[in-house]
Asker: 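Have a look at the structure that comes next, please.
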Amino acid sequence: MTMEHMIRLIAGTMILLSIFLSLIHSPYWLLLTGFVGANLLQSAFTKWCLMEDILTKLGVDKGC
């Protein structure tokens, strides 16, 4: 699995998890959804992604 796929997997999981938690626990969990969306938006413009840096430090290969 390439790093790009891992980043998409993590972002999608965080969004779905925060929506689920907002339904059963507190609507404040939707702030996590907003944070993930804002990070995706800024990475589209700046070509810098914090999750990519974290995965690189954890030893994940960029792939193809």
Side-chain angles (χ1 to χ4, degrees):
M1 182 180 294
T2 64
M3 186 176 296
E4 182 181 349
H5 288 123
M6 289 185 76
I7 291 171
R8 290 179 183 189
L9 176 70
I10 292 167
T13 301
M14 295 301 286
I15 289 170
L16 291 175
L17 180 65
S18 67
I19 290 172
F20 175 73
L21 287 172
S22 75
L23 291 173
I24 64 167
H25 189 267
S26 169
Y28 287 112
W29 279 103
L30 293 175
L31 293 173
L32 180 59
T33 301
F35 174 75
V36 173
N39 190 17
L40 290 170
L41 186 64
Q42 73 82 26
S43 70
F45 288 108
T46 63
K47 303 214 183 335
W48 176 77
C49 179
L50 177 61
M51 184 54 68
E52 184 177 352
D53 290 347
I54 292 170
L55 290 174
T56 300
K57 288 182 181 180
L58 290 174
V60 175
D61 188 27
K62 287 197 177 203
C64 299

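None of the values given here were measured: they were computed from a predicted structure.
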Asker: Crowded around Met14 CE? As in, over 12 foreign heavy atoms under 6.0 Å?
Answerer: no

Asker: Which ILVMFWY residues are connected to Phe45, directly or by a chain of links, through side-chain heavy atoms under 4.5 Å apart?
Answerer: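 So far as hydrophobic clustering goes, Phe45 is joined with Leu41.
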
Asker: Once salt bridge (charged side-chain N to carboxylate O under 4.0 Å, His left out) is applied, what residue pairs with a partner in residues 33-44 remain, sequence neighbours excluded?
Answerer: none

Asker: Of all residues at least two apart in sequence or in a different chain, which pass the side-chain contact (heavy atoms from CB on, under 4.5 Å) check with His5?
Answerer: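 His5 satisfies side-chain contact (heavy atoms from CB on, under 4.5 Å) with Met1, Thr2 only.
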
Asker: Which pairs of donor and acceptor atoms, one on a side chain in residues 53-61, lie under 3.5 Å apart (sequence neighbours left out)?
Answerer:
unit_1 : atom_1 : unit_2 : atom_2 : d
Asp53  : OD2    : Trp48  : NE1    : 2.7
Thr56  : OG1    : Glu52  : O      : 2.8

Asker: Would a single hydrophobic cluster contain both Tyr28 and Leu17, if residues Ile, Leu, Val, Met, Phe, Trp and Tyr are joined by side-chain heavy-atom contacts under 4.5 Å?
Answerer: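 No; tracing contacts between hydrophobic side chains, which count when under 4.5 Å, never links both residues.
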
Asker: When you group the ILVMFWY residues by side-chain heavy-atom contacts below 4.5 Å and let the links chain together, are Phe20 and Trp29 in the same group?
Answerer: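 Shared cluster, yes.
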
Asker: Please determine whether residues Met51 and Leu16 belong to a single hydrophobic cluster, defined as Ile, Leu, Val, Met, Phe, Trp and Tyr linked transitively by side-chain heavy-atom distances below 4.5 Å.
Answerer: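 No, separate clusters.
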
Asker: Give me each pair satisfying salt bridge (charged side-chain N to carboxylate O under 4.0 Å, His left out) with a member in residues 34-47, each pair once, sequence neighbours excluded.
Answerer: none

Asker: Ser26: which residues meet the side chain to side chain donor-acceptor pair (under 3.5 Å) condition with it, sequence neighbours left out?
Answerer: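 Residues passing side chain to side chain donor-acceptor pair (under 3.5 Å) with Ser26: none at all.
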
Asker: Which residue pairs pass the salt bridge (charged side-chain N to carboxylate O under 4.0 Å, His left out) test with at least one member in residues 20-36, sequence neighbours excluded?
Answerer: none

Asker: Write out all pairs satisfying salt bridge (charged side-chain N to carboxylate O under 4.0 Å, His left out) with one or both partners inside residues 4-14, taking only residues at least two apart or from two chains.
Answerer: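 Every salt bridge (charged side-chain N to carboxylate O under 4.0 Å, His left out) pair that includes a residue of residues 4-14, provided the two are not neighbours, is Glu4-Arg8.
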
Asker: Nearest 0.5 Å, please: how far is CG in Leu30 from CG in Leu23?
Answerer: 8.0 Å

Asker: Which pairs pass side chain to side chain donor-acceptor pair (under 3.5 Å) with one or both residues in residues 9-24, sequence neighbours excluded?
Answerer: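 Found Ser18-Thr33.
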
Asker: Can you list the residues that meet the side-chain contact (heavy atoms from CB on, under 4.5 Å) rule with Leu40, with sequence neighbours excluded?
Answerer: Ala11, Val36

Asker: Find out if a path of hydrophobic residues (ILVMFWY) with successive side-chain heavy-atom gaps under 4.5 Å connects Ile15 to Ile10.
Answerer: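 Same cluster.
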
